[in-house]
Amino acid sequence: MTTSDPGGGPGAAELPFFVYGTLLPGEPNHDLFLRGRTAGERPVVLPRALLYEGPGYPYAIEGHGRVHGMLLVAAPGVYGELLGLLDHLEEYLGPGHPRNLYERVVRQVELPTRVAAEPGEPGAPRESGPGEHLAPREAGEPGAPRESAAAGQPGAPVRAWVYLAATAVTRSLRTGGVLIPEGRWTTGRAPGGS
């Protein structure tokens, strides 16, 4: 399911965010943009999507695959700030804007069937700093994804903001891009996807 951006302004749903690249734990933008701004992070999968190499960061596009990433819930009181920071990082100027690098859309993500991550993988347990709560929230708790009462069940869908490659970028990726195997982003990958 894909829904276009309702603008993200006052009154827009405060959906969680799906991240799959440099915003993942351990990646360069995680601490820079997310430290102290999230109430919870948990591994999820974006179905019906493919992941492609970019110039130091990946692009997700619609396709017949799965992209692995994290579901982020904004900390209380910082949703608007976080939304603005992520829009700026992802070079998203508004729905369908010709200079967008990414489009922000609503998609359903799912908890993977294997929820325990290996050390070093996105979603692996890690220590949190003072005042930072990284454990997944239970349905009904403040800061929990409100989209599904079954959000704690593997495969249960949760609606989230996802940044997909804009139309021109997607066209270029489909004709000459390098697909990332298994839809998992890791830095340190040699150029050309090896």
Asker: What pair of heavy atoms forms the shortest contact from Leu71 to Val158, and how long is it?
Answerer: CD2-CG1, 4.0 Å
Asker: Regarding Asp87 and Tyr163, is there a side-chain donor-to-acceptor distance under 3.5 Å anywhere?
Answerer: yes
Asker: Can you pull the salt bridge (Lys or Arg N to Asp or Glu O under 4.0 Å) pairs that have at least one residue in residues 16-27, sequence neighbours excluded?
Answerer: none
Asker: Tell me whether Glu81 is salt-bridged to Arg37, with the criterion being a basic N under 4.0 Å from an acidic carboxylate O.
Answerer: yes
Asker: Any chance you could measure Leu46, atom CG, to Glu62, atom CD, to the nearest 0.5 Å?
Answerer: 8.0 Å
Asker: What's the shortest heavy-atom distance between Gln108 and Pro157, and which atoms?
Answerer: OE1-CB, 3.4 Å
Asker: Should we count NE2 of His88 as having more than 12 external heavy atoms under 6.0 Å?
Answerer: no
Asker: Under a 3.5 Å distance rule, please check whether Thr170 uses its side chain to pair with a backbone N or O of Ala165 as donor and acceptor.
Answerer: yes
Asker: Hey, could you give me the CG/CG distance between Leu23 and Leu72, rounded to the nearest 0.5 Å?
Answerer: 7.5 Å
Asker: Within the 3.5 Å criterion, strictly below it, is a donor on Glu41 or His30 matched to an acceptor on the partner's side chain?
Answerer: yes
Asker: Under 3.5 Å, side chain of Ser172 to main-chain N/O of Ala168, donor-acceptor pair present?
Answerer: no
Asker: Just by modelled atom types, is the Pro95 backbone N or O under 3.5 Å from a matching donor or acceptor in the Asn100 side chain?
Answerer: no
Asker: Mark yes or no for whether Arg159, through its side chain, and Val109, through its backbone, hold a donor-acceptor pair below 3.5 Å.
Answerer: no
